[in-house]
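Letters A, B, ... are given to chains in the order of the sequence lines, protein chains preceding strands, and every chain is numbered from 1. Computation of the quantities below employed the complete heavy-atom set of this structure, encompassing side-chain atoms and omitting hydrogens, waters and symmetry-equivalent molecules. This structure is a prediction, so every number in the text was calculated from the model and none was measured.
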Amino acid sequence: MIDASRPIRVRFAPSPTGYLHVGGGRTALYNWLFARRYGGTFILRSDDTDRERSTDEFAADIIESMRWLGLDWDEGIEVGGPQPTYHQSERFARYQAVAHQLLADGRAYYSFASPEQLDTFRKEAQAAGLPPAYDGRFRVDADEAARRIAAGERAPIRFAVERPGVTEFADLVRGDMRFEHVQVDDFVILRSDGSPTYHLASTVDDVDFDISHVVRGEDLLSSTPKHILLTEAMGSARATYAHLPLLRGPDGAKLSKRHGHTSINSYRDAGFLAEALRNYLAILSWSPGDDEEIVSLADMADRFELTDVSKNPAVFDVTKLEWMNGVYIRELSGDGFVGRVRALVEADLGRELAGDDVRTLEEILPHVQERAKVLTEIPEQVRFLFGDITYDETSWDKVMRKDGADVAVAGASEALDQLSEWSIEAVEGALRAMLETHELSARKGLQPLRVAVTGSSISPPLFESIAALGRDRTLERLSAASAKLAEAM
RNA sequence: GGCCCCGUCGUCCAGCGGCCUAGGACGCCUGCCUUUCAAGCCGGUAACGCGGGUUCGAAUCCCGUCGGGGCCA
């Protein structure tokens, strides 16, 4: 499968016309894995021929998202390499030169067919059930073309597809592909304004950068004959192609903005770990073979095969990503977890944490780590430790209106007040004793305390929370809750 | 409309002619644990789109059909 005569060089070539999305991230990941697996070179190129829609913000996001995912590239934008540039926008002269060379070689021609002519042709072909691919029927002879161009007329350059003919190739993912040339139109390579089309720019780059394997989305599968034809017309050896199945939304259509969050950065911001997203993306269309699903990047790079990639389009399932993220969160070391979470908590609080607050955070975090799915859900769970309490109304209504709530709160206040030592064990001992004296079940007696102390019926473990909160503030909250209960009577 | 691709539990993946009364994971549903929520553990639910072939034998091969998707327009 691997052609040893040619060094392995792959590329990921996003257009900075949007944020790097998860589908692109997966394509990048597979390219990266393939390169790492076979000791190849991974190149990051910027397909920014569309100057109107390309922005610096998107360009920066692509780089940032790639780095965040941990996908480093050996050559390309930012890092450089043997090529003077990896931006298509800076290579227009080269594309124009290739187009004119093709023209000189008779492999391309100036096309004077009007949009109306083309349109009519397509409609008629379609009505007759024939391929709607433009077959060059309005092409004028070279002399006339030269005359008209010399006279100042502007026209796009089209590639002259050989007809009849057929292009075949073995796709690493899809298998043997065969396209009859009647289905391939004489496609434009250089527009009349001198700008290259995607087909030209992308192919010229792949040739110039000596790309050995083109690994990309299935949406480009039907354009592949054009790229092969162009490559060979340039006198170069074609690359090996691998077309990855598309990612879909829950409704089955190609994953897009309307399915909600699709950008890599939105997942980062939503509290997902790069290692989780990366693992999920890898597993989405590829399997390491055994029943393992949690796989490290190194392990993936050891086992990845393009020929093992699934042909089926895959639905991007956020629920499973969340589960996987939880797994990775729990795998984090305690310090690592504090490191990732601290800034989020500080942002939520609107202030920096220092001294005792840091210790408090470190105390409670292990208990929060066990139950988190995304990092962003954490600040609200620890908020009660760092500021004034706010009661969640639903929780209050559900818990504090029940019999025994007042008894429990008062009893806890008394029990904790007398405590000589303040620790999780001491707190637990005192409260359990309190439950017994008042003949309260754990559920009935402890839930009111949870609401009184944390403000919510959902919180980190109670004894740990109280221990972390400290005696003074716990007693304060208990008496505040007592007062609030009394006033409701 | 033309061409191309795909079709195993709700979702993702395994399966590459017999090991399949189809396996794993997420989800969902029980139960256990339990101070809440999670996590963890136990068990369960659920699929080879359909129809023809080929073969001693098909989820696996072939044909058709239906369905979904992509590209071009």
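The salt bridge (charged side-chain N to carboxylate O under 4.0 Å, His left out) pairs that include a residue from residues 456-480 of chain A number zero, where partners must be two or more places apart or lie in different chains. Within the structure, salt bridge (charged side-chain N to carboxylate O under 4.0 Å, His left out) contacts touching residues 261-286 of chain A (residues at least two apart or in different chains) are Glu64(A)-Arg268(A), Glu275(A)-Arg340(A). Sorted by first and then second residue, the pairs that involve residues 372-385 of chain A and meet salt bridge (charged side-chain N to carboxylate O under 4.0 Å, His left out), not counting sequence neighbours, are Asp348(A)-Arg383(A). Applying the ring-ring contact (aromatic ring centres under 6.0 Å, His included) rule to pairs touching residues 402-439 of chain A yields nothing, sequence neighbours excluded. Screening residues 20-35 of chain A for side chain to side chain donor-acceptor pair (under 3.5 Å) gives Arg26(A)-Ser285(A), Trp32(A)-Asp72(A) as the qualifying pairs, with residues at least two apart or on separate chains.
Residues Asp299(A) and Ser296(A) have side chains that never bring a donor and an acceptor to within less than 3.5 angstrom of each other. Between the side chains of His367(A) and Ser465(A), not a single donor N or O lies within less than 3.5 Å of an accepting N or O. Between the side chains of Tyr109(A) and Asp186(A), at least one donor-acceptor pair of N or O atoms lies under 3.5 Å. Side chains of Asn265(A) and Ser263(A): a donor on one and an acceptor on the other come within 3.5 Å.
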Using the 3.5 Å cut-off, write out each protein N or O paired with an N or O of nucleotides 27-30 of chain B and the distance between them.
none

Protein N or O to nucleotides 32-35 of chain B N or O, pairs below 3.5 Å:
{"from": "U35(B)", "atom 1": "OP1", "to": "Arg432(A)", "atom 2": "NH2", "distance (Å)": "3.3"}
{"from": "U35(B)", "atom 1": "O2'", "to": "Arg450(A)", "atom 2": "NH2", "distance (Å)": "3.4"}
{"from": "U35(B)", "atom 1": "O2", "to": "Arg450(A)", "atom 2": "NH2", "distance (Å)": "2.1"}

Polar atoms only, N or O, under 3.5 Å: list the protein pairs with nucleotides 60-70 of chain B and their distances.
{"from": "G68(B)", "atom 1": "O2'", "to": "Arg248(A)", "atom 2": "NH1", "distance (Å)": "3.2"}

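Looking at the side chain of Glu293(A), the nearest of the listed nucleotides C12(B), A73(B), A38(B) is C12(B).
Taking the C1' atom of each, U21(B) and C26(B) are spaced 25 Å apart, rounded to whole Å. Taking atom P in both A38(B) and G27(B), the straight-line distance is 12 Å, to the nearest Å. For the P atom pair drawn from U55(B) and C41(B), the interatomic distance equals 49 Å after rounding to whole Å. The separation of G31(B) from A47(B), taken at their P atoms, amounts to 24 Å, rounded to a whole angstrom. Using P as the reference atom, C12(B) and C6(B) are 16 Å apart when rounded to the nearest Å. Atom name C1', nucleotides A59(B) and C16(B): the rounded distance is 10 Å, in whole Å. Using atom C1' as the reference point in both G67(B) and C61(B), the two lie 22 Å apart (nearest Å). Taking atom P in both G23(B) and G15(B), one finds a spacing of 15 Å when rounded to whole Å.
For the pair Phe121(A) CZ and G2(B) P, the computed distance is 15 Å after rounding to whole Å. With rounding to whole Å, Ile458(A) atom CD1 is found 13 Å from A39(B) atom P. The separation between Phe187(A) atom CZ and A73(B) atom P is 13 Å, rounded to whole Å. Between the OH atom of Tyr134(A) and the C1' atom of G1(B) there is a distance of 20 Å, given to the nearest Å. Taking atom CE on Met324(A) and atom C1' on A39(B), their separation rounds to 17 Å, with Å as the unit. In this entry the distance linking CD1 of Ile294(A) with C1' of C12(B) reads 13 Å, nearest Å. The distance between atom CZ of Arg383(A) and atom P of C37(B), rounded to the nearest whole Å, is 20 Å. When rounded to the nearest whole Å, the span between CD of Gln183(A) and P of G1(B) equals 15 Å.
Within 4.0 Å of Ser310(A), counting heavy atoms only, lie sugar-phosphate atoms of the nucleic acid but no base atom.
Counting non-hydrogen atoms of other residues, nucleotides and ligands closer than 6.0 Å to CG of Asp251(A) gives a total above 12.
For the segment residues 279-287 of chain A, residues with any heavy atom less than 4.0 angstrom from an atom of RNA chain B are, sorted by number, Ile283(A), Leu284(A), Ser285(A), Ser287(A). Near RNA chain B, defined here as any heavy-atom distance below 4.0 Å, there are no residues from residues 414-421 of chain A.
In terms of heavy-atom proximity, Leu416(A) sits nearest to Thr474(A) at CD1-CG2, 3.9 Å. What you find for Pro245(A) and Val309(A) is that their closest heavy atoms are CD-CG1, 3.9 Å.
With ring centers used as reference points, Phe187(A) lies 6.0 Å or more from Tyr134(A).
Across all strands shown, C72(B) pairs with G1(B); the Watson-Crick or G-U wobble distances both stay below 3.5 Å. A 3.5 Å limit on both hydrogen-bonding distances identifies no Watson-Crick or G-U partner for C16(B). Pair assignment for G43(B) gives C29(B), based on Watson-Crick or G-U wobble hydrogen-bonding distances that are each under 3.5 Å. Checking A22(B) for Watson-Crick or G-U wobble geometry (two distances, each under 3.5 Å) identifies no partner in any strand. Pair assignment for C9(B): none, as no Watson-Crick or G-U wobble contacts are both less than 3.5 Å.
Under a 4.0 Å N-O distance rule, the pair Arg163(A)/Asp135(A) does not qualify as a salt bridge. Salt bridge status for Lys226(A) with Asp185(A): present, with a side-chain N to carboxylate O gap under 4.0 Å. With respect to Arg45(A) and Asp47(A), a salt bridge is recorded, a charged nitrogen being found less than 4.0 Å from a carboxylate O.
RNA chain B is contacted by both Pro131(A) and Asp119(A); Pro131(A) maps to the nucleotide lying nearer its 5′ end (nearest heavy atom per residue).
Every residue meeting the side-chain hydrogen bond (donor to acceptor under 3.5 Å, both in side chains) condition with Glu421(A), not counting sequence neighbours, appears here in chain and number order: Ser423(A). Every side-chain hydrogen bond (donor to acceptor under 3.5 Å, both in side chains) that His199(A) has, sequence neighbours left out, goes to His227(A).
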